[in-house]
2 protein chains.
Amino acid sequence: MKKYNIPVEAALEVIGGKWKVVILCHLIKGTKRTSELKRSMPTITQKMLTQQLRELEADGVIERKIYQQIPPKVEYSLTDYGWSLKEILDSLCAWGEKHIERNYEDKSLVLMEG
Amino acid sequence: MKKYNIPVEAALEVIGGKWKVVILCHLIKGTKRTSELKRSMPTITQKMLTQQLRELEADGVIERKIYQQIPPKVEYSLTDYGWSLKEILDSLCAWGEKHIERNYEDKSLVLMEG
DNA sequence: TGCAATAGGTACTTTAAAGTGCCTGTCTCC
DNA sequence: GGAGACAGGCACTTTAAAGTACCTATTGCA
């Protein structure tokens, strides 16, 4: 029985941490294979990627589709419930962009190219 | 020189972690004194509260107003820049509520009363 | 024949986030 | 005159998050 003092804590439990929002922001652009996600996140480790994907799946926000073929093919996509996070993800991304621009001069925040 | 692979990482650096979103969700309801914030977050420690407030202030999203009186009085409020997070915070709160309702039966997520 | 790509699992270690405990100072109230 | 409210600071420890390293299996390709 998890208890929250404020509802937003429940949201943080699902999308909190270093990677989940980033993963979801990639999946919002469409279904992706594991290797595609990995390439989109050059600094994530295989272990963290799998782990975070499992947790997101357990929370019902993403779906895992396994193709029975060799070499293996696995695709991840947002579930309907996951799509209910779209507004949050979109505004987070937009805010991040503005924040980088705002702090470009003094704090030198830079978006990697590529 | 901080570098991000995707802009949303910049947003996570400002509002990431266990407490910042919760603090901001309280401040969105209006200016609050340190002790009020502390009471709203029964499980936060004095140290974490101060630390997170300092970081939010350094990022320009909240403002700290000190009244020169005894006993001390310090008020925290969102800056204009902080208010640009309103959309994110609102939808995060709303999503959290829905998530608790959705999982009330099977996973027993409960919002503390009081 | 041996390496790359595919999608992982598992045990272990590191590092960063969070928490504990104890300290400051002044004023009011009992 | 001691206790509590107020807003912290600082050193230290704990715990949880993240990272490293090495393992599985199959196929195609050079």
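All chains are named by letter (A, B, ...) in the order of the sequence lines, taking the proteins before the strands, and each is independently numbered beginning at 1.
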Output one line per pair: protein atom, nucleotide atom from nucleotides 4-8 of chain C, and distance, for all N/O pairs under 3.5 Å.
from	atom 1	to	atom 2	distance (Å)
C:dT6	O3'	A:Arg33	NH2	2.9
C:dT6	O3'	A:Pro72	O	3.1
C:dA7	OP1	A:Arg33	NE	3.2
C:dA7	OP1	A:Arg33	NH2	3.2
C:dA7	OP2	A:Ser35	N	3.0
C:dA7	OP2	A:Ser35	OG	3.1
C:dG8	OP1	A:Arg54	NH2	2.8
C:dG8	OP1	A:Arg64	NE	3.4
C:dG8	OP1	A:Arg64	NH2	2.4
C:dG8	OP2	A:Thr34	OG1	2.9
C:dG8	OP2	A:Tyr76	OH	2.8

Please tabulate, for the side chains in residues 78-89 of chain B, all donor-acceptor contacts under 3.5 angstrom to protein atoms that are two or more places apart in sequence or on a different chain.
from	atom 1	to	atom 2	distance (Å)
B:Thr79	OG1	B:Gly60	O	2.6
B:Thr79	OG1	B:Val61	O	3.2
B:Thr79	OG1	B:Tyr81	N	3.3
B:Thr79	OG1	B:Gly82	N	2.9
B:Tyr81	OH	A:His99	ND1	2.6
B:Ser84	OG	A:Trp95	NE1	2.9
B:Ser84	OG	B:Tyr81	O	2.4
B:Lys86	NZ	B:Asp90	OD2	2.7

Using whole Å, report how far [atom1] of [X] lies from [atom2] of [N].
X       : N      : atom1 : atom2 : answer
B:Ile66 : D:dG9  : CD1   : P     : 10 Å
B:Leu49 : D:dG9  : CG    : P     : 11 Å
B:Tyr67 : D:dG8  : OH    : C1'   : 18 Å
A:Gln69 : D:dG28 : CD    : P     : 12 Å
B:Ile70 : C:dC27 : CD1   : P     : 5 Å

Original post:
Who pairs with B:Thr50 by side-chain hydrogen bond (donor to acceptor under 3.5 Å, both in side chains), at least two apart in sequence or on another chain?
Top reply: B:Gln46
[atom1] of [X] to [atom2] of [Y]: how many Å apart, nearest 0.5 Å?
X       : Y       : atom1 : atom2 : answer
B:Thr43 : B:Met41 : OG1   : CE    : 9.0 Å
A:Lys73 : A:Ser35 : NZ    : OG    : 9.5 Å
A:Leu27 : A:Leu56 : CG    : CG    : 8.0 Å

Subject >> Near-strand residues of residues 21-28 of chain B, defined as heavy-atom separation under 4.0 angstrom from DNA chain C >> reply: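 Those residues whose heavy atoms fall under 4.0 Å from DNA chain C, taken from residues 21-28 of chain B, amount to none.
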Please report, to 0.1 Å, the donor-acceptor pairs under 3.5 Å made by any side chain of residues 62-72 of chain B, with sequence neighbours excluded.
from	atom 1	to	atom 2	distance (Å)
B:Arg64	NE	B:Tyr76	OH	3.3
B:Tyr67	OH	B:Glu75	OE1	2.9

Original post:
Which pair of non-hydrogen atoms, one from A:Ser40 and one from A:Pro42, has the smallest distance, and what is that distance?
Top reply: O-CD, 3.4 Å
Check nucleotides 13-18 of chain D for protein N or O atoms closer than 3.5 Å to its own N or O atoms and list the pairs.
from	atom 1	to	atom 2	distance (Å)
D:dA18	OP1	A:Lys18	N	2.7

Subject >> Listed once per pair and sorted, the salt bridge (Lys or Arg N to Asp or Glu O under 4.0 Å) pairs that draw on residues 30-52 of chain B, sequence neighbours left out >> reply: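 Counting only pairs at least two positions apart or across chains, no salt bridge (Lys or Arg N to Asp or Glu O under 4.0 Å) contact touches residues 30-52 of chain B.
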Subject >> Side-chain (B:Glu9) to main-chain (B:Asn5) donor-acceptor, under 3.5 angstrom >> reply: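 Side chain of B:Glu9 to backbone of B:Asn5, a donor-acceptor pair under 3.5 Å: yes, one is there.
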**OP:** Report the C-alpha separation of A:Ile6 and B:His26 in whole Å, then their side-chain angles, then the decisive distance to 0.1 Å, and conclude whether the side-chain contact (heavy atoms from CB on, under 4.5 Å) test is met.
**Re:** CA-CA 9 Å; A:Ile6 195 178; B:His26 285 297; 3.7 Å; yes
Donor-acceptor list for residues 15-25 of chain A side chains, cut-off 3.5 Å, not counting sequence neighbours:
from	atom 1	to	atom 2	distance (Å)
A:Lys20	NZ	A:Glu55	OE1	2.7

